[in-house]
Amino acid sequence: MLENRKILLCVSGGIAVYKAVALVSKLSQAGASVKVIMTESAQQFVQPLTFQVMSRNDVYTDTFDEKDSSVIAHIDLADWADLIIVAPGTANVIGKLANGIGDDMVTTTLLAATAPIWIAPAMNVHMYDHPAVKRNIQQLHEDGIRFIEPSEGFLACGYVGKGRLEEPEKITELVKNYFTREHKLNGKKVVVTAGPTRERIDPVRFLTNFSSGKMGYAMAEAAAEMGAETILISGPVSLPVPSGVTRIQVESAEDMLKAVEAHFDTANYVVKTAAVADYRPQTIANQKVKKQEGGSTIELERTVDILKHLGQQKKNQVLIGFAAETNDVCKYAKEKLIRKNADYIIANDVSEAQAGFESDTNRVTVFGKNNFEQAFDMMPKQQLARQLFEMITDKEESYDS
Ligand code: PMT
């Protein structure tokens with residue numbers, strides 16, 4: 001299943017290094033070509049020779065030990081890999097990467113990498129819970145690095161809790177799923193909208209909402225990872241463009257409508273994650289409106305409901321809307337599915353802590369045709385986005401067959 005896949009395993013120093021040996025074996029058995037880099041502390045637990053035998057490749061331990069004079073090893077390895085896994089990922093390596101430190105073969109390679117990086121942490125339960133470690137993990141999430149959560153159980157230090165390196169079989173399974181899924185949107189065009197819109201009142205004021213763009217950017221990133229040509233139509237947010245994604249920046253609902261329309265005919269999937277203003281000021285003052293005694297009223301008019309408008313025109317496009325609700329989530333989401341002629345509505349209860357606007361995590365329920373309904377647990381938005389696309393592409397395949 002992993003034939004022709006090149007996996008670079010970065011091993012940092014913890015007792016779980018022995019499990020990394022099993023991981024190399026599992027990945028190799030599945031057909032992957034595996035190369036290994038070890039930190040100095042990893043070598044305290046297991047000899048490089050063990051990894052060399054298991055991988056049938058040289059093991060790299062020192063940035064300055066150039067085995068091939070025609071290349072620079074850490075750049076060459078970073079370019080070689082289709083996927084990089086750090087397992088076990090210690091608090092030290094996580095901290096260095098989160099802060100851009102490259103002081104050994106593992107960290108310089110990680111900094112030079114453009115391939116996806118997955119970190120499988122393993123450490124003492126209190127270390128994993130330390131605010132600094134949490135901060136670094138959070139930073140790496142934001143940098144687009146994926147984490148394979150440690151499992152709970154007996155730890156080598158004697159504690160029981162979260163911190164065990166995920167089992168090699170499970171990591172291999174995730175890798176297989178990743179490479180299978182990677183192709184699912186090959187040849188497809190996905191248009192994602194994200195962020196808020198701004199509806200101007202005058203040159204210095206506007207109406208907007210709390211959307212940070214995180215959910216929409218995660219959807220775009222997942223689509224690109226799965227091989228889609230991905231167009232991200234984004235309201236004003238301060239997030240970096242995910243790799244492989246083309247971003248079009250817009251301001252108002254009107255701008256967003258025009259940008260979406262320009263790509264709609266050629267799109268296979270349209271994902272409307274943006275929180276589009278439903279109303280805008282009837283007129284925009286050319287000059288700053290001066291304050292006066294007493295109250296003031298702004299006359300508002302409706303913006304075009306982009307999702308509904310697309311729903312009226314759609315041919316073969318799969319139309320996915322989001323619904324931000326604070327009550328009767330299921331009722332309103334189902335009503336939007338029908339009224340806007342969408343294929344799926346992904347509903348989030350934005351009154352829930354750590355869900356909806358601005359948070360890094362979200363909890364959603366997806367509604368679709370024929371009373372389809374599937375709830376997803378609370379999880380990081382990037383992970384959720386991948387699971388949503390996996391579920392939707394599977395479902396669409398089942399309709400086609
Ligand atoms: O950006 P984050 O901080 O990560 O927050 C994520 C989110 C909460 C914004 C996101 O998960 C979400 O729920 N997005 C939809 C927000 C919204 O506008 O919901 P709605 O129920 O008002 O609209 C329903 C659907 O119609 C949405 O797909 C919306 O994009 C679309 N719509 C709404 C109004 C309009 N004029 N045009 C539209 O296309």
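Everything quoted here is computed from the prediction, not taken from an experiment. Whatever order the structure lists them in is the order used to number ligands and atoms, beginning at 1.
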S.K.: Identify the heavy atoms of A16 and A122 that sit nearest to each other, and give their distance.
M.R.: CB-CB, 4.1 Å

S.K.: Assess whether a salt bridge exists between D129 and K162, defined as any Lys/Arg side-chain N lying under 4.0 Å from an Asp/Glu carboxylate O.
M.R.: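 So D129 does not pair with K162 through a salt bridge.
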
S.K.: Give every pair formed by an N or O atom of ligand 1 and a protein N or O atom closer than 3.5 Å, one pair per line with both atom names and the distance to 0.1 Å, or write none.
M.R.:
from     : atom 1 : to   : atom 2 : distance (Å)
ligand 1 : 1 (O)  : S211 : OG     : 2.6
ligand 1 : 1 (O)  : S212 : N      : 3.2
ligand 1 : 1 (O)  : G213 : N      : 2.8
ligand 1 : 3 (O)  : S212 : N      : 2.7
ligand 1 : 3 (O)  : S212 : OG     : 2.6
ligand 1 : 3 (O)  : E358 : N      : 2.7
ligand 1 : 4 (O)  : S212 : OG     : 3.4
ligand 1 : 4 (O)  : K214 : N      : 3.3
ligand 1 : 4 (O)  : M215 : N      : 2.8
ligand 1 : 4 (O)  : K381 : NZ     : 2.7
ligand 1 : 11 (O) : N348 : OD1    : 2.6
ligand 1 : 13 (O) : N348 : OD1    : 3.4
ligand 1 : 13 (O) : N348 : ND2    : 2.9
ligand 1 : 14 (N) : T273 : O      : 2.8
ligand 1 : 19 (O) : A324 : N      : 3.4
ligand 1 : 21 (O) : A324 : N      : 3.2
ligand 1 : 21 (O) : K336 : NZ     : 2.4
ligand 1 : 26 (O) : K340 : NZ     : 3.0
ligand 1 : 28 (O) : K272 : O      : 2.7
ligand 1 : 28 (O) : F322 : N      : 3.0
ligand 1 : 28 (O) : F322 : O      : 3.2
ligand 1 : 30 (O) : K272 : O      : 3.4
ligand 1 : 30 (O) : K272 : NZ     : 3.1
ligand 1 : 30 (O) : A274 : O      : 2.7
ligand 1 : 36 (N) : T303 : OG1    : 3.4
ligand 1 : 36 (N) : V304 : O      : 3.0
ligand 1 : 37 (N) : I306 : N      : 3.0
ligand 1 : 39 (O) : K272 : NZ     : 3.0
ligand 1 : 39 (O) : I306 : N      : 3.3
ligand 1 : 39 (O) : L307 : N      : 2.8

S.K.: Compile the donor-acceptor pairs under 3.5 Å between side chains in residues 89-97 and protein atoms, sequence neighbours left out, one pair per line.
M.R.:
from : atom 1 : to   : atom 2 : distance (Å)
T90  : OG1    : S12  : OG     : 3.4
T90  : OG1    : V93  : N      : 3.3
K96  : NZ     : D103 : OD1    : 2.8
K96  : NZ     : D103 : OD2    : 3.4

S.K.: Against R280, only a single residue in E301, E199, E299 fulfils salt bridge (Lys or Arg N to Asp or Glu O under 4.0 Å); can you say which?
M.R.: E301

S.K.: Using the six-membered ring of Y60, assess whether NZ or CZ of K35 lies under 6.0 Å from its centre and within 45 degrees of the ring axis.
M.R.: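 Judged by the rule, K35 and Y60 form no cation-pi pair.
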
S.K.: May I ask you to check whether Y159 and H126 place their ring centers less than 6.0 Å from one another?
M.R.: yes

